[in-house]
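In this chain, numbering begins with 1 at the start of the sequence shown. Just so you know, ligand 1 is whichever comes first in the structure, and atom 1 is the first atom listed for that ligand.
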Amino acid sequence: MKLILLGPPGAGKGTQCKRIIEKYGMIHMSSGDILRAERKANSDLGQKAQSYMDSGALVPDDLIIDMMIKAIKEAPASGYVLDGFPRTVAQGDGLDAALANAGEKIDAIVNLQVPNEAIISRMTGRRCCPVCGAVYHIENLKPKTEGQCDKGCGELVQRPDDTPEVVANRLKIYDEQTAAVVGYYQEKGNVILDIDANQEIDKVTADVFEKLDALKG
Ligand code: ADP
Ligand code: ADP
């Protein structure tokens, strides 16, 4: 299956993606994770992306489209879940053109819906493992030992863009530039699976699985 996971920052895209790939066996392709790895490696792309990411702005479309098309071309036949991409209509067009060229298509869009009020506490309480990428929450998904990754990697950190000021900017940018991506796919006639993501993590997962199972038939 080839899926796109849409939703505002903090909707639970990364959390649900991990569970989807465990059950259905595709790979997780997160534009944010790829960008953070590029920054860690201090690559040309990582350096270019840095200032945008730190302020919560979007990295320019051309850089993102090239980066994600390259990753998609290297994906295994089992498929992928795109997390955080496309985030603009121009990115949707770039993805569509590349897929059409390869004779492929997206099977469904999973649209995680959460009101803005619920998001701030999710984002400011998010804690991540810089080694394995696991994501926790100080209240909603606590690690076994406070501040430590369950897999023994060491200390958890807060992402520098998860501060209240940067989160507010990311939500504004989501409303201005990314929210339209759902309508873009609706107009194209893609299958959209709307999910109430303002529920407990396990309940959201159950709803996602139910809709994906129905889709697979
Ligand atoms: P995204 O990838 O969409 O930005 P994450 O999956 O990283 O979102 O989740 C953001 C934060 O909210 C994490 O700390 C995660 O543990 C927590 N979280 C995810 N889903 C839920 C949920 N349904 N209810 C409460 N907290 C959640
Ligand atoms: P979240 O999981 O909270 O939604 P991400 O990890 O997906 O956040 O993204 C972190 C930052 O990386 C974004 O604020 C943005 O600067 C950059 N980024 C990630 N994906 C894209 C994209 N598709 N287009 C432009 N910028 C992106």
Just which atoms of ligand 1 are under 4.0 Å from any heavy atom in [X]?
X	value
A197	23 (N)
N140	25 (C), 26 (N)
Y136	13 (C), 14 (O), 16 (O)

Show me the short polar-atom pairs for ligand 2: any N or O of it lying under 3.5 Å from a protein N or O, with distances only.
| unit_1 | atom_1 | unit_2 | atom_2 | d |
| --- | --- | --- | --- | --- |
| ligand 2 | 3 (O) | R126 | NH2 | 2.9 |
| ligand 2 | 3 (O) | R170 | NH2 | 2.4 |
| ligand 2 | 4 (O) | K13 | NZ | 3.2 |
| ligand 2 | 4 (O) | R87 | NH2 | 3.2 |
| ligand 2 | 6 (O) | R36 | NH1 | 2.9 |
| ligand 2 | 6 (O) | R36 | NH2 | 3.0 |
| ligand 2 | 6 (O) | R159 | NH1 | 3.3 |
| ligand 2 | 6 (O) | R159 | NH2 | 3.3 |
| ligand 2 | 7 (O) | R87 | NH1 | 3.1 |
| ligand 2 | 7 (O) | R87 | NH2 | 3.2 |
| ligand 2 | 8 (O) | R87 | NH2 | 3.4 |
| ligand 2 | 8 (O) | R159 | NH2 | 3.2 |
| ligand 2 | 8 (O) | R170 | NH2 | 3.1 |
| ligand 2 | 9 (O) | R87 | NH2 | 3.4 |
| ligand 2 | 16 (O) | A57 | O | 2.6 |
| ligand 2 | 20 (N) | S31 | OG | 2.7 |
| ligand 2 | 20 (N) | R87 | NH1 | 3.1 |
| ligand 2 | 23 (N) | G84 | O | 2.8 |
| ligand 2 | 23 (N) | Q91 | OE1 | 3.0 |
| ligand 2 | 24 (N) | Q91 | NE2 | 2.9 |
| ligand 2 | 26 (N) | V59 | N | 3.1 |

Tell me whether [X] is salt-bridged to [Y], with the criterion being a basic N under 4.0 Å from an acidic carboxylate O.
X	Y	answer
K211	D207	no
D162	R122	no
D175	K172	no

*Cation-pi between K23 and F209: NZ/CZ under 6.0 Å from ring centre and within 45° of the ring axis?*
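The answer is yes; both the distance and angle limits are met.
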
*Can you find a side-chain donor-acceptor pair between D96 and Y185 that sits under 3.5 Å?*
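Not at all, the side chains of D96 and Y185 share no donor-acceptor pair under 3.5 Å.
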
*Pair E200-N140, side-chain donor/acceptor within less than 3.5 Å*: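 No, because no side-chain N or O of E200 sits under 3.5 Å from a partner of the opposite role on N140.
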
*How close do R39 and G46 get, heavy atom to heavy atom, and via which atoms?*
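Minimum heavy-atom separation between R39 and G46: CG-O, 3.5 Å.
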
*May I ask whether Q199 places a heavy atom under 4.0 Å from ligand 1?*
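Right, Q199 reaches ligand 1.
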
Mind listing the side-chain donor-acceptor pairs of residues 109-118 below 3.5 Å, one per line with the distance, residues two or more places apart or on another chain?
| unit_1 | atom_1 | unit_2 | atom_2 | d |
| --- | --- | --- | --- | --- |
| N111 | ND2 | D194 | OD1 | 2.9 |

